[in-house]
Amino acid sequence: MTARVASTEPTRQTVYTEAMEVFHRAADLIGLDRRVRMELEEPDYEHIFYVTVKQPRYKDLPDSELLPDGLEPLLDGSFVFKRRALINANVFMRDGVVRLKGKGLYKVVPGRPERFKAYRVQHNQARGPYKGGTRFHQDVSLDLFKVLAAEMTWKTAIADVPFGGGKGGIKVDPKTLSSEELEALTLRYMYRLKPLIGPNLDIPAPDVGTDGTIMGLLLRQFTDGERERHSLRGVVTGKDTRIGGSEGRVKATGQGLAYCIQEWYADRGSVPAGSSFLLQGFGNVGSNAAEILAGMGSKLLAVNDAGGTIFNPNGIDVPDLVSYVYDNPSNLRRTVAGYPKAEQISKNDLWDVDADILIPAALGAEITGPVAERIKVKLVAEGANGPTTPEGDRVLAKRAIELIPDIIGNAGGVTVSYYEWIQNKRMEHWSETEVNGRLEQAIKSNYRIIRDIARNTPRRTATHNSQRYCIGREMDMRTAAMVLALKRIEAHYQLEGFSQ
Ligand code: NAD
(Lines give C-alpha, C1' and ligand atoms only; values in the text may rest on other atoms or scores of the structure.)
Protein backbone atom coordinates (compact mmCIF):
# COMPACT_ATOMS: atom_id res chain seq x y z
CA MET A 1 0.00 0.00 0.00
CA THR A 2 1.31 3.47 -0.82
CA ALA A 3 1.32 6.23 1.77
CA ARG A 4 -0.71 9.32 0.92
CA VAL A 5 -0.22 12.86 2.10
CA ALA A 6 -3.38 14.87 2.74
CA SER A 7 -3.80 18.04 0.71
CA THR A 8 -3.12 21.25 2.62
CA GLU A 9 -5.33 23.32 0.29
CA PRO A 10 -8.22 24.93 2.16
CA THR A 11 -11.64 23.59 1.13
CA ARG A 12 -13.73 26.15 -0.74
CA GLN A 13 -16.79 27.15 1.33
CA THR A 14 -20.01 26.54 -0.64
CA VAL A 15 -23.66 26.03 0.30
CA TYR A 16 -22.85 22.34 0.12
CA THR A 17 -19.85 22.41 2.44
CA GLU A 18 -21.82 24.67 4.78
CA ALA A 19 -24.78 22.26 4.78
CA MET A 20 -22.41 19.36 5.46
CA GLU A 21 -21.13 20.95 8.69
CA VAL A 22 -23.64 19.01 10.77
CA PHE A 23 -22.71 15.78 8.96
CA HIS A 24 -19.05 16.24 9.89
CA ARG A 25 -19.96 17.18 13.46
CA ALA A 26 -22.05 14.03 13.92
CA ALA A 27 -19.50 11.87 12.06
CA ASP A 28 -16.74 13.10 14.42
CA LEU A 29 -18.94 12.45 17.44
CA ILE A 30 -19.66 8.84 16.58
CA GLY A 31 -16.23 8.14 15.06
CA LEU A 32 -17.86 7.22 11.74
CA ASP A 33 -15.91 4.64 9.76
CA ARG A 34 -13.50 6.57 7.48
CA ARG A 35 -14.51 4.82 4.32
CA VAL A 36 -18.24 5.25 5.04
CA ARG A 37 -17.47 8.91 5.62
CA MET A 38 -15.87 9.19 2.20
CA GLU A 39 -18.83 7.40 0.62
CA LEU A 40 -21.21 9.92 2.13
CA GLU A 41 -19.12 13.08 1.74
CA GLU A 42 -19.91 13.46 -1.96
CA PRO A 43 -22.86 12.22 -4.08
CA ASP A 44 -22.59 8.95 -6.03
CA TYR A 45 -23.64 10.69 -9.26
CA GLU A 46 -24.21 14.31 -10.32
CA HIS A 47 -26.16 14.48 -13.56
CA ILE A 48 -26.45 17.79 -15.36
CA PHE A 49 -28.26 17.79 -18.68
CA TYR A 50 -30.09 20.16 -20.96
CA VAL A 51 -33.66 19.98 -22.18
CA THR A 52 -34.92 21.90 -25.15
CA VAL A 53 -38.52 22.70 -25.98
CA LYS A 54 -40.00 24.14 -29.10
CA GLN A 55 -42.69 26.25 -27.46
CA PRO A 56 -41.88 29.91 -27.05
CA ARG A 57 -42.28 31.89 -23.85
CA TYR A 58 -44.29 35.07 -23.71
CA LYS A 59 -43.13 36.41 -20.35
CA ASP A 60 -43.98 40.03 -20.91
CA LEU A 61 -47.23 39.79 -22.85
CA PRO A 62 -49.44 42.32 -21.09
CA ASP A 63 -52.95 41.79 -19.80
CA SER A 64 -55.81 41.99 -22.31
CA GLU A 65 -59.49 41.57 -21.76
CA LEU A 66 -60.38 41.70 -25.41
CA LEU A 67 -60.03 38.06 -26.36
CA PRO A 68 -60.64 36.30 -23.06
CA ASP A 69 -60.88 32.66 -24.16
CA GLY A 70 -57.80 33.01 -26.35
CA LEU A 71 -55.58 34.34 -23.58
CA GLU A 72 -54.21 31.97 -20.94
CA PRO A 73 -53.32 33.81 -17.74
CA LEU A 74 -49.96 32.88 -16.22
CA LEU A 75 -49.15 32.90 -12.52
CA ASP A 76 -46.64 35.71 -13.02
CA GLY A 77 -49.48 37.96 -14.18
CA SER A 78 -48.74 37.81 -17.93
CA PHE A 79 -50.74 36.03 -20.66
CA VAL A 80 -50.10 33.50 -23.38
CA PHE A 81 -51.76 34.33 -26.67
CA LYS A 82 -53.44 31.15 -27.98
CA ARG A 83 -54.05 30.46 -31.64
CA ARG A 84 -57.79 30.31 -31.05
CA ALA A 85 -57.69 33.98 -30.09
CA LEU A 86 -57.36 34.60 -33.80
CA ILE A 87 -60.47 32.62 -34.84
CA ASN A 88 -62.83 34.97 -36.63
CA ALA A 89 -60.51 37.84 -35.83
CA ASN A 90 -59.68 40.48 -38.33
CA VAL A 91 -55.94 40.92 -37.96
CA PHE A 92 -53.78 43.63 -39.51
CA MET A 93 -50.09 43.24 -38.78
CA ARG A 94 -47.17 45.46 -39.67
CA ASP A 95 -43.58 44.56 -38.61
CA GLY A 96 -44.95 41.97 -36.17
CA VAL A 97 -47.10 44.55 -34.39
CA VAL A 98 -50.89 44.34 -34.05
CA ARG A 99 -53.32 46.82 -32.57
CA LEU A 100 -55.91 45.09 -30.40
CA LYS A 101 -59.21 46.90 -30.46
CA GLY A 102 -59.52 49.23 -27.51
CA LYS A 103 -56.24 47.96 -25.98
CA GLY A 104 -53.36 49.42 -27.93
CA LEU A 105 -50.35 47.99 -29.68
CA TYR A 106 -48.94 44.49 -29.05
CA LYS A 107 -45.77 42.91 -30.39
CA VAL A 108 -46.20 39.28 -31.37
CA VAL A 109 -43.06 37.32 -30.42
CA PRO A 110 -42.30 34.48 -32.85
CA GLY A 111 -41.88 30.96 -31.45
CA ARG A 112 -38.34 29.62 -31.05
CA PRO A 113 -36.78 26.69 -29.18
CA GLU A 114 -35.39 27.25 -25.71
CA ARG A 115 -32.83 25.41 -23.62
CA PHE A 116 -33.13 24.76 -19.88
CA LYS A 117 -30.56 23.36 -17.49
CA ALA A 118 -31.76 20.24 -15.70
CA TYR A 119 -30.33 18.15 -12.88
CA ARG A 120 -30.58 14.89 -10.98
CA VAL A 121 -28.14 14.29 -8.14
CA GLN A 122 -28.04 10.77 -6.71
CA HIS A 123 -26.33 11.06 -3.36
CA ASN A 124 -26.37 7.62 -1.78
CA GLN A 125 -28.16 4.29 -2.13
CA ALA A 126 -26.74 2.21 0.73
CA ARG A 127 -30.21 1.78 2.26
CA GLY A 128 -32.32 1.54 -0.91
CA PRO A 129 -33.14 3.25 -4.22
CA TYR A 130 -32.38 6.97 -4.50
CA LYS A 131 -35.40 9.01 -3.47
CA GLY A 132 -36.10 12.72 -3.58
CA GLY A 133 -38.10 15.59 -4.99
CA THR A 134 -38.16 17.44 -8.29
CA ARG A 135 -37.82 21.21 -8.04
CA PHE A 136 -38.72 23.64 -10.83
CA HIS A 137 -37.30 26.97 -9.71
CA GLN A 138 -35.20 29.77 -11.16
CA ASP A 139 -32.63 29.73 -8.32
CA VAL A 140 -31.48 26.09 -8.40
CA SER A 141 -27.86 25.02 -8.92
CA LEU A 142 -25.78 21.84 -8.80
CA ASP A 143 -24.59 22.79 -5.34
CA LEU A 144 -28.13 23.25 -4.07
CA PHE A 145 -29.24 19.89 -5.48
CA LYS A 146 -26.22 18.26 -3.82
CA VAL A 147 -27.34 19.73 -0.50
CA LEU A 148 -30.92 18.59 -1.00
CA ALA A 149 -29.93 15.11 -2.24
CA ALA A 150 -27.64 14.55 0.75
CA GLU A 151 -30.42 15.77 3.02
CA MET A 152 -32.69 13.07 1.52
CA THR A 153 -30.10 10.41 2.41
CA TRP A 154 -30.27 11.54 6.04
CA LYS A 155 -34.05 11.93 5.99
CA THR A 156 -34.86 8.50 4.56
CA ALA A 157 -32.56 6.97 7.19
CA ILE A 158 -34.23 8.96 9.99
CA ALA A 159 -37.72 8.05 8.73
CA ASP A 160 -36.40 4.48 8.50
CA VAL A 161 -37.76 3.95 5.00
CA PRO A 162 -35.66 1.74 2.68
CA PHE A 163 -34.42 4.49 0.37
CA GLY A 164 -31.31 6.53 -0.26
CA GLY A 165 -31.15 10.19 -1.27
CA GLY A 166 -31.56 12.04 -4.56
CA LYS A 167 -32.89 15.36 -5.82
CA GLY A 168 -33.28 17.10 -9.14
CA GLY A 169 -35.20 19.53 -11.26
CA ILE A 170 -35.00 22.28 -13.81
CA LYS A 171 -33.71 25.83 -13.61
CA VAL A 172 -36.92 27.59 -14.67
CA ASP A 173 -39.56 29.81 -13.15
CA PRO A 174 -42.68 27.73 -13.81
CA LYS A 175 -44.86 30.77 -13.17
CA THR A 176 -43.70 32.16 -16.52
CA LEU A 177 -44.88 29.11 -18.47
CA SER A 178 -48.27 28.27 -19.91
CA SER A 179 -49.70 24.86 -19.03
CA GLU A 180 -48.74 23.54 -22.49
CA GLU A 181 -45.18 24.80 -22.14
CA LEU A 182 -44.88 23.30 -18.67
CA GLU A 183 -46.15 19.95 -19.98
CA ALA A 184 -43.69 19.98 -22.89
CA LEU A 185 -40.78 20.81 -20.59
CA THR A 186 -41.78 18.15 -18.03
CA LEU A 187 -42.08 15.44 -20.69
CA ARG A 188 -38.72 16.34 -22.18
CA TYR A 189 -37.15 16.30 -18.72
CA MET A 190 -38.34 12.72 -18.19
CA TYR A 191 -37.25 11.78 -21.71
CA ARG A 192 -33.66 12.66 -20.74
CA LEU A 193 -33.99 11.31 -17.20
CA LYS A 194 -35.45 7.91 -18.07
CA PRO A 195 -32.13 6.03 -18.45
CA LEU A 196 -31.06 7.22 -15.00
CA ILE A 197 -34.10 6.37 -12.87
CA GLY A 198 -36.73 3.68 -12.22
CA PRO A 199 -39.03 2.34 -9.49
CA ASN A 200 -36.18 0.27 -8.03
CA LEU A 201 -33.40 2.72 -8.82
CA ASP A 202 -34.39 6.35 -8.27
CA ILE A 203 -37.85 7.67 -7.45
CA PRO A 204 -38.65 11.38 -7.88
CA ALA A 205 -41.48 13.17 -6.01
CA PRO A 206 -42.91 16.70 -5.95
CA ASP A 207 -41.01 19.63 -4.44
CA VAL A 208 -41.14 23.40 -4.90
CA GLY A 209 -42.77 24.25 -8.23
CA THR A 210 -44.06 20.74 -8.97
CA ASP A 211 -47.17 18.85 -7.88
CA GLY A 212 -49.35 15.79 -8.54
CA THR A 213 -50.12 16.94 -12.07
CA ILE A 214 -46.43 17.09 -12.93
CA MET A 215 -45.94 13.64 -11.34
CA GLY A 216 -48.74 12.30 -13.60
CA LEU A 217 -46.90 13.66 -16.65
CA LEU A 218 -43.60 12.16 -15.49
CA LEU A 219 -45.32 8.82 -14.95
CA ARG A 220 -46.86 8.86 -18.42
CA GLN A 221 -43.58 9.75 -20.11
CA PHE A 222 -41.68 7.06 -18.20
CA THR A 223 -44.21 4.28 -18.83
CA ASP A 224 -45.39 5.17 -22.34
CA GLY A 225 -44.94 2.21 -24.65
CA GLU A 226 -43.67 -0.11 -21.90
CA ARG A 227 -45.17 -3.60 -22.04
CA GLU A 228 -45.52 -3.90 -18.27
CA ARG A 229 -46.15 -0.27 -17.57
CA HIS A 230 -48.41 -0.86 -14.55
CA SER A 231 -45.56 -2.50 -12.70
CA LEU A 232 -43.64 0.76 -13.14
CA ARG A 233 -46.18 2.96 -11.37
CA GLY A 234 -43.87 3.43 -8.40
CA VAL A 235 -41.33 5.37 -10.51
CA VAL A 236 -42.66 8.62 -9.06
CA THR A 237 -44.57 9.32 -5.87
CA GLY A 238 -46.91 12.17 -5.04
CA LYS A 239 -49.28 11.16 -7.85
CA ASP A 240 -53.02 11.85 -7.89
CA THR A 241 -54.84 9.22 -5.80
CA ARG A 242 -56.80 8.15 -8.91
CA ILE A 243 -53.63 7.05 -10.72
CA GLY A 244 -51.79 5.28 -7.93
CA GLY A 245 -51.13 8.08 -5.48
CA SER A 246 -51.58 7.49 -1.77
CA GLU A 247 -54.36 8.94 0.33
CA GLY A 248 -52.85 11.44 2.72
CA ARG A 249 -49.77 12.16 0.53
CA VAL A 250 -50.72 15.76 -0.27
CA LYS A 251 -51.05 16.60 3.42
CA ALA A 252 -48.30 14.23 4.60
CA THR A 253 -45.45 16.70 5.11
CA GLY A 254 -47.62 19.16 7.05
CA GLN A 255 -49.18 16.26 8.92
CA GLY A 256 -45.76 14.87 9.92
CA LEU A 257 -44.68 18.31 11.16
CA ALA A 258 -47.88 18.59 13.22
CA TYR A 259 -47.17 15.15 14.75
CA CYS A 260 -43.67 16.33 15.75
CA ILE A 261 -45.12 19.48 17.34
CA GLN A 262 -47.73 17.38 19.15
CA GLU A 263 -44.94 15.13 20.46
CA TRP A 264 -42.90 18.19 21.52
CA TYR A 265 -45.89 19.32 23.63
CA ALA A 266 -46.63 15.78 24.89
CA ASP A 267 -43.06 15.62 26.20
CA ARG A 268 -43.88 18.68 28.31
CA GLY A 269 -47.14 17.14 29.51
CA SER A 270 -49.13 19.47 27.30
CA VAL A 271 -50.96 19.77 23.96
CA PRO A 272 -50.78 22.30 21.11
CA ALA A 273 -54.29 23.60 21.96
CA GLY A 274 -54.05 27.18 23.21
CA SER A 275 -50.66 27.84 21.59
CA SER A 276 -49.97 30.29 18.76
CA PHE A 277 -47.79 30.05 15.66
CA LEU A 278 -46.20 32.07 12.84
CA LEU A 279 -45.80 30.66 9.37
CA GLN A 280 -43.54 31.36 6.43
CA GLY A 281 -44.78 29.80 3.18
CA PHE A 282 -48.40 28.95 2.47
CA GLY A 283 -47.80 26.28 -0.16
CA ASN A 284 -48.26 22.55 0.22
CA VAL A 285 -46.34 22.19 3.47
CA GLY A 286 -47.29 25.49 5.12
CA SER A 287 -51.02 25.51 4.35
CA ASN A 288 -51.51 21.87 5.37
CA ALA A 289 -49.48 22.20 8.56
CA ALA A 290 -51.51 25.33 9.39
CA GLU A 291 -54.85 23.59 8.82
CA ILE A 292 -53.88 20.58 10.93
CA LEU A 293 -52.39 22.68 13.76
CA ALA A 294 -55.42 24.97 13.75
CA GLY A 295 -57.53 21.80 13.99
CA MET A 296 -55.49 20.91 17.12
CA GLY A 297 -56.46 24.27 18.64
CA SER A 298 -53.34 26.33 17.87
CA LYS A 299 -53.81 29.91 16.66
CA LEU A 300 -52.17 31.24 13.47
CA LEU A 301 -51.08 34.84 14.02
CA ALA A 302 -49.08 35.77 10.91
CA VAL A 303 -48.11 34.39 7.51
CA ASN A 304 -45.41 35.47 5.09
CA ASP A 305 -45.15 34.17 1.54
CA ALA A 306 -43.57 35.24 -1.75
CA GLY A 307 -46.35 37.82 -2.25
CA GLY A 308 -46.52 39.49 1.17
CA THR A 309 -47.15 39.18 4.89
CA ILE A 310 -50.38 39.24 6.89
CA PHE A 311 -51.00 39.52 10.63
CA ASN A 312 -54.01 39.27 12.91
CA PRO A 313 -53.41 39.31 16.68
CA ASN A 314 -56.79 37.62 17.22
CA GLY A 315 -55.89 34.70 14.98
CA ILE A 316 -56.34 33.96 11.28
CA ASP A 317 -59.14 31.61 10.22
CA VAL A 318 -57.02 29.02 8.36
CA PRO A 319 -59.73 27.33 6.20
CA ASP A 320 -60.91 30.81 5.17
CA LEU A 321 -57.33 31.80 4.23
CA VAL A 322 -56.92 28.53 2.30
CA SER A 323 -60.00 29.33 0.26
CA TYR A 324 -58.79 32.95 -0.28
CA VAL A 325 -55.47 31.61 -1.63
CA TYR A 326 -56.55 28.47 -3.50
CA ASP A 327 -60.25 28.78 -4.46
CA ASN A 328 -60.12 32.32 -5.75
CA PRO A 329 -59.46 32.37 -9.54
CA SER A 330 -58.39 36.02 -9.44
CA ASN A 331 -55.63 35.18 -6.92
CA LEU A 332 -53.35 33.98 -9.71
CA ARG A 333 -50.16 34.04 -7.63
CA ARG A 334 -51.82 32.05 -4.85
CA THR A 335 -50.60 34.45 -2.24
CA VAL A 336 -51.88 35.43 1.19
CA ALA A 337 -51.18 39.09 0.28
CA GLY A 338 -54.31 41.20 0.26
CA TYR A 339 -56.25 38.86 2.58
CA PRO A 340 -58.92 41.25 3.85
CA LYS A 341 -59.35 39.86 7.38
CA ALA A 342 -55.78 40.62 8.47
CA GLU A 343 -53.37 43.53 8.60
CA GLN A 344 -50.75 43.71 5.81
CA ILE A 345 -47.31 44.00 7.41
CA SER A 346 -43.75 43.82 6.08
CA LYS A 347 -41.76 40.57 6.06
CA ASN A 348 -39.37 42.19 8.50
CA ASP A 349 -42.20 42.66 11.02
CA LEU A 350 -43.04 38.94 10.95
CA TRP A 351 -39.96 38.14 13.00
CA ASP A 352 -41.07 40.51 15.77
CA VAL A 353 -44.47 38.88 16.40
CA ASP A 354 -44.71 37.15 19.79
CA ALA A 355 -45.82 33.50 19.43
CA ASP A 356 -45.05 30.01 20.71
CA ILE A 357 -43.99 28.39 17.44
CA LEU A 358 -42.38 29.57 14.19
CA ILE A 359 -42.82 27.31 11.18
CA PRO A 360 -40.56 28.10 8.24
CA ALA A 361 -42.15 26.30 5.27
CA ALA A 362 -40.83 28.22 2.25
CA LEU A 363 -37.26 28.21 0.98
CA GLY A 364 -33.85 27.69 2.57
CA ALA A 365 -31.60 30.04 4.60
CA GLU A 366 -34.39 32.28 5.90
CA ILE A 367 -33.55 32.03 9.61
CA THR A 368 -30.19 33.71 9.58
CA GLY A 369 -28.22 34.85 12.63
CA PRO A 370 -29.91 38.29 12.77
CA VAL A 371 -33.39 36.75 12.30
CA ALA A 372 -32.68 34.19 15.04
CA GLU A 373 -31.68 37.09 17.34
CA ARG A 374 -35.05 38.78 16.78
CA ILE A 375 -37.67 36.05 16.88
CA LYS A 376 -39.82 35.76 19.99
CA VAL A 377 -40.85 32.10 19.94
CA LYS A 378 -40.13 29.02 22.06
CA LEU A 379 -39.92 26.53 19.22
CA VAL A 380 -38.79 26.60 15.59
CA ALA A 381 -40.40 23.69 13.75
CA GLU A 382 -38.76 23.35 10.34
CA GLY A 383 -41.10 22.43 7.48
CA ALA A 384 -38.83 23.73 4.71
CA ASN A 385 -35.53 22.12 3.80
CA GLY A 386 -32.57 23.95 5.35
CA PRO A 387 -34.44 27.07 6.51
CA THR A 388 -31.92 27.83 9.29
CA THR A 389 -28.34 28.80 8.51
CA PRO A 390 -25.49 27.44 10.69
CA GLU A 391 -25.20 30.92 12.22
CA GLY A 392 -28.97 30.90 12.86
CA ASP A 393 -28.55 27.53 14.58
CA ARG A 394 -25.87 28.88 16.90
CA VAL A 395 -28.03 31.86 17.86
CA LEU A 396 -31.11 29.66 18.49
CA ALA A 397 -29.02 27.43 20.75
CA LYS A 398 -27.57 30.45 22.59
CA ARG A 399 -31.10 31.83 23.16
CA ALA A 400 -32.39 28.38 24.23
CA ILE A 401 -35.01 28.39 21.48
CA GLU A 402 -35.87 24.76 20.79
CA LEU A 403 -35.72 23.19 17.36
CA ILE A 404 -37.49 20.44 15.46
CA PRO A 405 -34.95 19.96 12.64
CA ASP A 406 -36.09 19.63 9.03
CA ILE A 407 -34.89 16.06 8.55
CA ILE A 408 -37.50 14.80 11.01
CA GLY A 409 -39.88 17.81 10.79
CA ASN A 410 -40.66 17.35 7.12
CA ALA A 411 -40.03 13.60 6.86
CA GLY A 412 -43.79 12.94 6.64
CA GLY A 413 -43.70 13.49 2.88
CA VAL A 414 -41.10 10.85 2.15
CA THR A 415 -42.67 8.46 4.65
CA VAL A 416 -46.02 8.54 2.85
CA SER A 417 -44.15 8.42 -0.47
CA TYR A 418 -42.82 5.11 0.78
CA TYR A 419 -46.39 3.98 1.56
CA GLU A 420 -47.37 5.02 -1.96
CA TRP A 421 -44.48 3.01 -3.41
CA ILE A 422 -45.48 -0.10 -1.42
CA GLN A 423 -49.12 0.30 -2.47
CA ASN A 424 -47.98 0.55 -6.12
CA LYS A 425 -45.86 -2.58 -5.79
CA ARG A 426 -48.74 -4.48 -4.20
CA MET A 427 -51.46 -2.88 -6.35
CA GLU A 428 -53.24 -1.81 -3.16
CA HIS A 429 -55.02 1.32 -2.04
CA TRP A 430 -54.98 2.17 1.67
CA SER A 431 -57.44 4.48 3.43
CA GLU A 432 -56.35 7.88 4.75
CA THR A 433 -56.95 6.62 8.30
CA GLU A 434 -54.57 3.72 7.73
CA VAL A 435 -51.94 6.00 6.16
CA ASN A 436 -52.14 8.57 8.97
CA GLY A 437 -52.07 5.86 11.65
CA ARG A 438 -48.83 4.46 10.23
CA LEU A 439 -47.40 7.95 9.70
CA GLU A 440 -48.11 9.05 13.26
CA GLN A 441 -46.49 5.94 14.68
CA ALA A 442 -43.44 6.26 12.40
CA ILE A 443 -42.82 9.99 12.89
CA LYS A 444 -43.38 10.03 16.63
CA SER A 445 -41.25 6.96 17.34
CA ASN A 446 -38.31 8.29 15.29
CA TYR A 447 -38.76 11.73 16.88
CA ARG A 448 -38.52 10.11 20.34
CA ILE A 449 -35.31 8.30 19.37
CA ILE A 450 -33.77 11.62 18.27
CA ARG A 451 -34.87 13.23 21.53
CA ASP A 452 -33.26 10.39 23.52
CA ILE A 453 -30.02 10.80 21.56
CA ALA A 454 -30.05 14.58 22.20
CA ARG A 455 -30.61 14.10 25.95
CA ASN A 456 -28.48 10.97 26.14
CA THR A 457 -31.28 8.98 27.77
CA PRO A 458 -31.08 5.50 26.23
CA ARG A 459 -34.37 3.64 26.72
CA ARG A 460 -35.65 0.25 25.73
CA THR A 461 -39.31 -0.82 25.90
CA ALA A 462 -41.37 -3.33 23.91
CA THR A 463 -41.97 -0.69 21.20
CA HIS A 464 -39.03 1.69 21.56
CA ASN A 465 -35.27 1.26 21.47
CA SER A 466 -32.87 4.18 21.53
CA GLN A 467 -30.04 2.28 23.24
CA ARG A 468 -28.10 1.53 20.08
CA TYR A 469 -28.12 5.21 19.03
CA CYS A 470 -27.27 7.18 22.20
CA ILE A 471 -23.55 7.93 22.32
CA GLY A 472 -22.88 8.79 25.95
CA ARG A 473 -23.19 12.58 25.72
CA GLU A 474 -25.86 15.20 25.13
CA MET A 475 -26.15 17.24 21.93
CA ASP A 476 -28.53 19.53 20.03
CA MET A 477 -31.51 18.05 18.15
CA ARG A 478 -30.05 18.65 14.67
CA THR A 479 -26.84 16.81 15.50
CA ALA A 480 -28.86 14.06 17.23
CA ALA A 481 -30.96 13.56 14.10
CA MET A 482 -27.77 13.28 12.05
CA VAL A 483 -26.31 10.76 14.50
CA LEU A 484 -29.41 8.60 14.04
CA ALA A 485 -29.11 8.85 10.25
CA LEU A 486 -25.40 8.04 10.18
CA LYS A 487 -25.72 5.09 12.55
CA ARG A 488 -28.48 3.58 10.41
CA ILE A 489 -26.49 4.11 7.18
CA GLU A 490 -23.21 2.94 8.67
CA ALA A 491 -24.86 -0.33 9.70
CA HIS A 492 -25.42 -1.14 6.02
CA TYR A 493 -21.77 -0.64 5.19
CA GLN A 494 -20.62 -2.51 8.28
CA LEU A 495 -22.97 -5.47 7.93
CA GLU A 496 -23.01 -5.74 4.13
CA GLY A 497 -19.39 -4.65 3.64
CA PHE A 498 -17.88 -3.20 0.49
CA SER A 499 -17.88 -5.18 -2.74
CA GLN A 500 -14.22 -4.21 -3.18
P1 NAD B 1 -44.79 25.21 -2.53
O2 NAD B 1 -44.24 25.63 -3.84
O3 NAD B 1 -46.12 24.53 -2.47
O4 NAD B 1 -44.91 26.51 -1.56
C5 NAD B 1 -43.83 27.36 -1.33
C6 NAD B 1 -44.33 28.53 -0.48
O7 NAD B 1 -43.21 29.34 -0.16
C8 NAD B 1 -45.32 29.44 -1.21
O9 NAD B 1 -46.31 29.88 -0.30
C10 NAD B 1 -44.45 30.63 -1.63
O11 NAD B 1 -45.20 31.84 -1.75
C12 NAD B 1 -43.48 30.71 -0.48
N13 NAD B 1 -42.25 31.41 -0.84
C14 NAD B 1 -41.48 31.24 -1.94
N15 NAD B 1 -40.46 32.11 -1.92
C16 NAD B 1 -40.57 32.83 -0.78
C17 NAD B 1 -39.83 33.88 -0.21
N18 NAD B 1 -38.74 34.35 -0.80
N19 NAD B 1 -40.25 34.38 0.98
C20 NAD B 1 -41.37 33.91 1.60
N21 NAD B 1 -42.11 32.91 1.09
C22 NAD B 1 -41.71 32.38 -0.09
O23 NAD B 1 -43.65 24.34 -1.83
P24 NAD B 1 -43.81 23.22 -0.69
O25 NAD B 1 -43.98 21.91 -1.34
O26 NAD B 1 -44.79 23.68 0.32
O27 NAD B 1 -42.34 23.23 -0.08
C28 NAD B 1 -41.93 24.20 0.89
C29 NAD B 1 -40.64 23.74 1.53
O30 NAD B 1 -40.84 22.47 2.14
C31 NAD B 1 -39.45 23.57 0.59
O32 NAD B 1 -38.28 23.92 1.29
C33 NAD B 1 -39.46 22.09 0.29
O34 NAD B 1 -38.19 21.62 -0.10
C35 NAD B 1 -39.88 21.54 1.63
N36 NAD B 1 -40.47 20.21 1.59
C37 NAD B 1 -41.60 19.94 0.88
C38 NAD B 1 -42.14 18.66 0.91
C39 NAD B 1 -43.43 18.33 0.21
O40 NAD B 1 -43.92 17.22 0.40
N41 NAD B 1 -44.03 19.24 -0.54
C42 NAD B 1 -41.50 17.65 1.64
C43 NAD B 1 -40.35 17.95 2.36
C44 NAD B 1 -39.84 19.24 2.33
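All ligand and atom numbering here is 1-based and tracks the order in the structure.
Heavy atoms of R249 found under 4.0 angstrom from ligand 1 belong exclusively to the side chain. The side chain of R135, and not its backbone, has at least one atom closer than 4.0 Å to an atom of ligand 1 (non-hydrogen atoms only; side chain from C-beta on).
With a 6.0 Å radius and a threshold of 12 heavy atoms from other residues, nucleotides or ligands, Y326 has its OH atom above the threshold.
Looking only at protein heavy atoms, the nearest one to atom 44 (C) of ligand 1 is N410 ND2, 3.4 Å. Of all protein heavy atoms, the one closest to atom 15 (N) of ligand 1 is L363 CD1, 3.6 Å. Closest to atom 19 (N) of ligand 1 among all protein heavy atoms lies K347 NZ, 3.6 Å. The protein heavy atom nearest to atom 39 (C) of ligand 1 is T253 OG1, 3.4 Å. V285 CG2, 3.9 Å is the protein heavy atom nearest to atom 24 (P) of ligand 1. The single protein non-hydrogen atom nearest to atom 17 (C) of ligand 1 is A306 CA, 4.3 Å, given as residue, atom name and distance. In this structure, atom 31 (C) of ligand 1 lies nearest to the protein heavy atom A362 O, 3.1 Å. Scanning the protein heavy atoms around atom 3 (O) of ligand 1, the nearest turns out to be N284 N, 2.9 Å.
Judged by the shortest distance from any of its heavy atoms, P206 lies outside the 4.0 Å radius around the atoms of ligand 1.
Ion pairing between a basic and an acidic side chain is recognised when a charged N comes within 4.0 Å of a carboxylate O; E373 and K398 show such pairing. Between E21 and R478 no salt bridge is recorded (no basic side-chain N to carboxylate O distance below 4.0 Å). For the pair R394 and E391, the salt-bridge criterion is met [side-chain N within less than 4.0 Å of a carboxylate O]. For the pair E420 and K239, the salt-bridge criterion is met [side-chain N within less than 4.0 Å of a carboxylate O]. Checked for salt-bridge contact, R451 and D267 meet the test: a charged N lies under 4.0 Å from a carboxylate O. The pair E151-K167 fails the salt-bridge criterion, with no side-chain N (NZ, NE, NH1 or NH2) lying under 4.0 Å from an Asp/Glu carboxylate O. A salt bridge does not link D354 to K376: none of the charged nitrogens lies less than 4.0 Å from a carboxylate oxygen.
Ranked by closest heavy atom to atom 2 (O) of ligand 1, the top entry among G209, G283, A361 is G209.
At least one test fails for R233 against the ring of W421: distance under 6.0 Å to the centre or angle within 45° of the axis.
The shortest N or O to N or O distance between G286 and ligand 1 is not below 3.5 Å. In terms of polar-atom proximity, defined here as any N/O pair under 3.5 Å, K167 makes no such contact with ligand 1.
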